[in-house]
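Everything below concerns the one structure shown next.
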Amino acid sequence: MKDRMLSGIKPTGQLHLGSYIGALRQFVNFQDDFEMVAFIANLHCITVPQDPQTLQKNLRDCVALYLACGLDPKKSIIFLQTDVKEHAQLGYIMCCHTYMGELNRMTQFKDKAAKGEASLSGGLYTYPCLMAADILLYDPKYVPVGDDQDQHVELCRDVAARMNNRYGQELFRLPEAYNPKVGARIMSLQDPLHKMSKSDGINRGCIYLLDPLDEARKKIMTAITDSIGHVHYDPENQPGVSNLMTIMSALSGQSLADIEKDYEGKGYGEFKKGVADVVCDQLNTIQQAYQKVISSDILRDVLEDGARRASAIAGPKLDLVQRAIGMEILDR
Ligand code: AMP
Ligand code: TRP
């Protein structure tokens with residue numbers, strides 16, 4: 001039997017090159033060798049305020065992009081998180097088995113709190129508990145994510161081990177984060193010390209998968225580099241150039257060393273043009289597939305079928321957990 005992989009994306013905005021290289025592309029690459037469970041984390045979206053119409057569009061686009069990027073609903077289980085109610089319920093149970101000290105150590109929340117952002121929600125604080133439930137309902141071996149999510153997967157393991165121990169049975173398999181070899185952290189094109197992120201709104205540092213190609217090209221041509229003038233992989237001293245090399249390598253399959261060789265003695269202008277060609281080529285393929293998907297009515301069938309298959313796994317798992325805890329009275 002194939003091992004299982006599981007991951008989700010939280011479309012609080014449009015998917016971008018970071019979500020594609022760090023996560024989505026891995027789902028596609030692994031769907032032949034693993035049973036891939038890929039969901040759209042809409043419960044996680046509302047941990048920060050959302051405009052209802054925009055959220056709906058982002059969710060639809062996210063499903064369509066899963067398919068456009070090559071996830072095959074016959075091989076993979078694709079669903080919307082809220083269509084499988086066990087997520088929220090086990091999420092609550094996980095909250096009750098997680099210490100506040102553990103949540104206080106989560107860097108994603110700490111960073112937001114440190115920025116002095118007013119009115120952070122309780123949901124944002126406890127979201128690693130919900131994420132742990134998302135994972136543990138399905139007993140996956142690996143969780144393919146960008147490296148910003150590793151800490152959350154670690155917490156998930158800790159709480160799973162605690163519950164296995166407390167209730168004296170293997171309720172959950174302990175999952176492992178799986179980062180891509182190249183591109184576990186794609187940086188902003190305008191601020192290469194920070195990750196490319198959709199939460200930054202519309203900006204020139206982030207390439208969205210649905211950006212018009214000329215806009216994507218412009219963003220790459222105006223990406224921040226340095227005054228060294230040498231195409232060389234050195235994230236510490238040349239973070240901008242190294243980030244562009246990473247993007248190129250991840251998308252073309254070319255090694256970093258080969259890229260250095262190709263651009264030896266050439267200027268950044270020519271290098272950026274090369275990166276832009278690779279990126280636009282990939283975006284073009286994705287966007288053509290997206291147009292086909294979005295103008296069909298396949299989304300409903302995919303989501304209904306995915307939710308049915310996911311529920312068949314999640315339902316018995318939640319029942320097992322609730323019985324182990326002693327919360328159930330009736331036989332079913
Ligand atoms: P999110 O869109 O925040 O739900 O993230 C979806 C997935 O994409 C997660 O596995 C993230 O770790 C990954 N991801 C998001 N941004 C980046 C980035 N800039 N570089 C690499 N992976 C990323
Ligand atoms: N927290 C992830 C993110 O923000 C999205 C996510 C939610 C997820 N549940 C998950 C990823 C379970 C992997 C497994 O990127």
Side-chain angles (χ1 to χ4, degrees), residues 4-28 30 36-48 58-59 61-62 65-66 69 77 79-82 84 87-88 90-91 94 106-109 111-112 123-157 160 175-200 203 205-209 235 239 243 246-247 250-251 310 314:
R4 191 173 285 153
M5 268 201 178
L6 170 139
S7 195
I9 292 182
K10 166 181 72 137
T12 41
Q14 286 282 322
L15 299 203
H16 54 78
L17 216 47
S19 15
Y20 177 67
I21 294 174
L24 181 49
R25 204 170 59 121
Q26 300 202 85
F27 310 172
V28 178
F30 284 120
M36 187 68 218
V37 180
F39 68 99
I40 292 100
N42 58 348
L43 285 169
H44 289 270
C45 288
I46 64 163
T47 54
V48 290
N58 288 338
L59 292 172
D61 279 350
C62 185
L65 281 169
Y66 272 22
C69 290
I77 302 180
F79 65 98
L80 202 59
Q81 189 181 23
T82 41
V84 181
H87 287 248
L90 185 66
M94 299 317 288
M106 295 294 108
T107 47
Q108 212 172 56
F109 185 83
D111 288 353
K112 279 221 162 101
L124 187 67
Y125 181 62
T126 57
Y127 115 100
C129 305
L130 178 60
M131 176 163 165
D134 298 336
I135 297 170
L136 297 174
L137 279 172
Y138 300 91
D139 288 319
K141 184 168 168 62
Y142 295 116
V143 181
V145 281
D147 68 9
D148 60 323
Q149 294 300 320
D150 289 358
Q151 199 187 24
H152 296 148
V153 179
E154 272 309 305
L155 177 67
C156 169
R157 284 174 67 91
E176 276 173 52
Y178 186 98
N179 300 143
K181 304 226 165 3
V182 182
R185 181 172 295 231
I186 300 296
M187 310 310 265
S188 160
L189 301 178
Q190 286 300 314
D191 175 9
L193 298 180
H194 288 100
K195 70 167 188 159
M196 184 178 282
S197 160
K198 59 191 174 239
S199 337
D200 292 344
N203 66 42
C206 182
I207 297 195
Y208 297 95
L209 296 183
N243 187 42
T246 301
I247 293 173
L251 295 183

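Along the sequence shown, residues carry numbers from 1. When a ligand or atom number is given, it counts from 1 through the structure's own listing order.
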Plane angle bin for F39 and F79 - parallel if under 30°, tilted between 30 and 60°, otherwise perpendicular: parallel
Residues D148 and K195 bridged, charged N to O under 4.0 Å: yes
Is the shortest side-chain heavy-atom distance between [X] and [Y] below 4.5 Å?
X	Y	value
F109	Y127	no
M131	H44	yes
M5	P140	no
I247	L189	yes
L15	Y20	no
N42	P11	no

Are there any N/O pairs under 3.5 Å between ligand 1 and the protein, and if so, what are their distances?
from, atom 1, to, atom 2, distance (Å)
ligand 1, 2 (O), K198, NZ, 2.0
ligand 1, 3 (O), K198, NZ, 3.4
ligand 1, 4 (O), K10, N, 2.8
ligand 1, 10 (O), G146, N, 3.2
ligand 1, 12 (O), G146, N, 2.9
ligand 1, 12 (O), G146, O, 3.4
ligand 1, 12 (O), D148, OD1, 2.4
ligand 1, 19 (N), I186, O, 2.8
ligand 1, 19 (N), M196, O, 2.9
ligand 1, 20 (N), I186, N, 2.8
ligand 1, 22 (N), G18, O, 3.2

Backbone N/O of Y138 and side chain of R4: donor-acceptor pair under 3.5 Å: yes
Where does ligand 2 get N/O contacts under 3.5 Å from the protein, atom by atom?
from, atom 1, to, atom 2, distance (Å)
ligand 2, 1 (N), Y127, OH, 3.2
ligand 2, 1 (N), Q149, OE1, 3.2
ligand 2, 4 (O), K10, NZ, 3.4
ligand 2, 4 (O), Y127, OH, 3.4
ligand 2, 4 (O), Q149, NE2, 3.4
ligand 2, 9 (N), D134, OD2, 2.7
ligand 2, 15 (O), Q149, NE2, 3.2

